[in-house]
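Below is one structure, written out as structure tokens; comments come after it.
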Amino acid sequence: MSRSAFGKIVDMQVSRRSILQASGLGALGIALAACSGPATGEERSNNQTSDVDWSSITPAKEITWWSNHPGASKEAEEELISRFTAETGITVKLVTAGASYDEVAQRFQAASGTDSLPDLVIASDVWWFRYFLNGQIMPLDGVFEHLKADVADFNPTLYSDYEFEGQHYAAPYARSTPLFYYNKEVFAKAGLPDRGPETWAEFEEWAPKLSEHLPSDGAPLGLAIGPSWSAWWMSNIMWGRGASFSREWDVTLNTPEAIEAGEWVRSLYNEKKFASVGNDTNADFAAGYFGCLIGSTGSLAGLLEAAPFELGASFLPDGPNGPGVPTGGTGLAIPSSRTPEQQLAAAQFLAFMTNADNTAFFSKSTGYVPVRTSATTGETMTALYEEIPLYRVAIDQLERTQTQDWARVFVPSGDQILTDGIEQIVLNNTPAEEAWAAITPRLEQAFSENVEPYL
Amino acid sequence: MATPVLVDSTPAPATPVTLTDTNRTTRPPSEVRRSPGTFRWRLWRQYLAFLLLAGPNLALLLIFTYKPLIESFYYSTLQWNIGSPTARFVGFDNYIQFFTSSKTAQVAGNTLVFTLATVGGALVLGLGLALLLNQRIRGRSIARTVAFAPYVLSGIAVGMLWLYIFDPRYGLLGTLLSAVGITSPDWYNSSPWAMVMLIIVYLWKHLGYVALIYLAGLQGISQEVRDAAALDGAGRWRTLRSIVLPLLGPTTFFLLITTLLASLQSFDLIHAMTQGGPLGSTTTLMYQIYQESFVNGRAGYASAVATVLFIVLLVITLIQLKFVEKKVHY
């Protein structure tokens with residue numbers, strides 16, 4: 001509210017006429033308000049349709065793409081766009097719509113219902129389902145079939161991440177897993193083998209040795225917290241200890257296994273001080289404050305460039321119950337409210353971006369995994385794996401991945417709520433049982449308010 | 001305004017020699033007063049002029065202030081996942097949730113601390129800076145420019161810059177503190193320090209504005225008044241307390257309102273530096289609106305918080321206007 005508005009209210013000379021005038025303005029305002037916003041009612045449904053006859057549609061000549069350039073990929077994206085334009089004549093306007101998946105998603109939500117939406121948008125693991133619930137994105141199966149996009153060649157795990165009731169609502173683009181990075185120089189000084197720890201128990205044995213060769217304000221492991229991140233790596237800890245955030249829609253944070261996993265993390269930061277956070281853990285790791293780092297596959301190219309030491313990368317350590325590796329990163333989705341012409345052009349571009357050659361090019365530029373099976377054995381990736389074997393680690397780790405817990409990826413704001421709980425455990429040294437109990441009702445409320453009505 | 005209207009006291013000329021028929025000065029004043037048609041026409045012309053001049057501003061206010069205000073109140077009665085085409089009417093449930101949520105006390109406390117510290121700090125330090133910049137010293141113009149410059153910088157840019165200064169591992173502040181044997185706190189990740197960091201940066205950014213307004217107020221105080229006080233034997237402190245500060249009353253009152261409203265609506269620095277964390281320790285009412293709406297998708301609940309914030313702002317402003325203004329000497 002502006003000062004002048006307040007001034008006008010306060011300074012207004014109240015008379016019968018002015019009251020009537022104000023009433024008139026108010027009535028107009030209410031009338032305007034009623035023209036926009038959501039429709040109210042108990043019935044809720046999505047409005048995605050898949051019955052378009054794509055063969056009768058001519059693709060638009062220009063489309064807009066909202067991206068956050070994951071893995072510092074702006075140049076790579078521009079290169080792919082110029083290749084696409086040269087091949088099809090369709091121009092693509094690349095818009096930096098945020099610095100993270102969350103910022104792009106927030107902008108996309110805010111633009112919903114307006115004609116300012118893009119034709120193609122970043123849809124991360126924790127956001128695509130919310131877009132789907134809101135009816136904001138279209139199923140791709142029909143248009144991909146028309147374009148003969150060979151969806152069978154997509155990595156089955158990565159493509160099925162976007163599947164709901166037999167339809168796919170996004171295609172994999174910048175897909176990743178967390179990786180365990182380590183500083184080979186520090187490992188050598190500490191007398192440790194040139195590999196990551198196979199289990200978290202092994203890491204705990206190694207951590208005191210690493211501490212001896214790190215700055216006093218550093219830590220053996222850099223493990224950041226924050227949205228779209230904490231609950232991702234926490235999946236590894238939970239699954240490795242037989243726990244989970246949820247089983248389907250039931251929140252399971254009250255199980256002994258979940259509490260034990262939370263307590264282990266609490267001890268890692270607070271009691272043993274084997275892990276630490278920072279403003280930018282990737283930069284701190286490259287600067288030598290941490291001996292190891294859990295980072296995204298998509299950080300590989302950046303770390304190779306930034307680290308002045310020889311970089312190592314390995315699988316995430318196993319827990320007592322075995323491995324636990326979540327997939328992550330982002331796909332690309334097409335808004336359902338765009339015209340069929342724009343949607344067809346966007347789908348053409350999406351299919352082009354994710355074909356075997358281009359996903360290999362993108363993988364080489366960033367470190368994200370190639371999303372097509374054939375790309376991993378193609379010329380580009382084979383040559384890259386020979387030159388820099390670290391790129392191979394993420395691909396090999398894909399075999400150990402599993403689908404993420406629904407409480408994180410399907411419940412709107414589930415990731416944020418879980419992040420709040422993990423923050424309590426890490427920063428406030430709150431007992432896990434208490435932290436998990438505090439967020440459980442919030443997760444259940446988010447489910448009952450925003451998911452259950454659609455099921 | 002409309003064309004000048006003759007006053008009733010204008011005497012009618014004895015003989016209408018050169019005046020045309022259209023010139024109303026030929027009519028007796030009593031006729032002007034008594035003709036309902038003319039009166040209505042004059043009223044319409046006044047309204048027309050009013051609409052022409054005030055209309056565009058009123059339209060903008062209506063569209064960009066009052067319409068969202070009314071819509072926001074309407075949305076606060078919905079359970080609406082932002083972006084969804086449908087929503088459910090829940091009456092005042094969002095308000096009940098807000099006032100019974102354990103998080104509300106923390107957010108209200110954060111808002112109170114941030115507002116008191118930034119408004120109080122800006123007024124006291126701004127006055128001090130203005131008194132300093134009002135001295136006849138060399139390089140005064142440059143000093144004034146330097147002091148004001150942070151105010152015109154983007155809040156996001158200022159936040160990003162200070163994040164590096166505050167970095168405990170390789171920030172400038174950490175280096176300076178370690179030079180005097182103090183270990184830098186972990187500004188980002190410890191709950192009291194994150195708020196302290198925000199307040200420091202907010203004051204740095206806004207001090208120049210407060211100082212500039214105070215400087216204008218100081219320069220409006222007549223030298224004669226100061227001289228008179230000096231003749232009466234008042235020292236510098238007494239002059240400041242009994243002459244300068246009371247005469248700066250209107251300036252302080254203006255600054256109190258503007259800085260209070262700006263502080264309560266602060267968003268950019270919080271977003272750039274802490275995003276409401278750690279542990280919600282820098283989440284103010286304004287930031288909670290953003291978080292609930294765009295992060296958690298609860299647009300209905302966020303609108304309820306926005307309505308509460310609006311009422312808080314309105315009440316504070318009305319209280320200030322009613323009580324504080326009386327104590328200001330003009």
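So that the names make sense, note that chain A is the first sequence line, chain B the second, and so on, each numbered from 1.
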Which distance, rounded to the nearest 0.5 Å, do you find between the [atom1] of [X] and the [atom2] of [Y]?
X      : Y      : atom1 : atom2 : value
B/S191 : A/N428 : OG    : CG    : 6.5 Å
B/N81  : A/S112 : CG    : OG    : 10.0 Å
A/L427 : B/D186 : CG    : CG    : 8.5 Å
A/E449 : B/Y301 : CD    : OH    : 10.5 Å
A/Q109 : B/S293 : CD    : OG    : 9.0 Å

Check your understanding: Within the side chain of B/Y188, is there an N or O that forms a donor-acceptor pair under 3.5 Å with the backbone of A/G278?
Key -> no
Check your understanding: Do A/N134 side-chain atoms and B/I82 backbone N/O form a donor-acceptor pair below 3.5 Å?
Key -> yes
Review point. Mind checking what makes side chain to side chain contact (heavy atoms under 4.5 Å, CB included) contact with B/S178, not counting sequence neighbours?
Key: none
Practice item. Applying side chain to side chain contact (heavy atoms under 4.5 Å, CB included), name anything that partners A/A333, two or more places apart in sequence or on another chain. Key: A/V121, A/A123, A/I137, A/A170
By a 4.5 Å heavy-atom criterion (distance strictly below it), what part of [X] contacts chain B: side chain, backbone, both, or neither?
X      : answer
A/T430 : neither
A/A99  : neither
A/R107 : neither
A/Q416 : side chain

If you count heavy atoms of other groups shown closer than 6.0 angstrom to [atom1] of [X], is the number above 12?
X      : atom1 : answer
B/F92  : CZ    : no
B/F64  : CZ    : no
B/Y170 : OH    : yes

Nearest non-hydrogen partners of [X] and [Y], listed with the distance:
X      : Y      : result
A/W127 : B/F294 : CH2-O, 3.8 Å
A/Q106 : B/V295 : NE2-CG2, 3.5 Å
B/R298 : A/Q445 : NH2-NE2, 3.7 Å

Practice item. Using non-hydrogen atoms and a 4.5 Å limit, figure out which bit of B/D167 sits close to chain A: side chain, backbone, both or neither. Key: side chain
Check your understanding: With only heavy atoms counted, which part of B/Q97 is less than 4.5 Å from chain A, the side chain, the backbone, both or neither?
Key -> side chain
Revision key, fill the gap. Sorted by chain and residue number, the side chain to side chain donor-acceptor pair (under 3.5 Å) partners of A/D415 (sequence neighbours excluded) come out as A/R408
Practice item. Tabulate, in ascending numerical order, the residues of residues 275-290 of chain B having at least one heavy atom closer than 4.5 Å to a heavy atom of chain A, or enter 'none'. Key: B/P278, B/L279, B/Y290
Review point. Taking B/R169 as the fixed residue, which of A/D217, A/D284, A/D280 is the one that meets the side-chain hydrogen bond (donor to acceptor under 3.5 Å, both in side chains) rule?
Key: A/D284
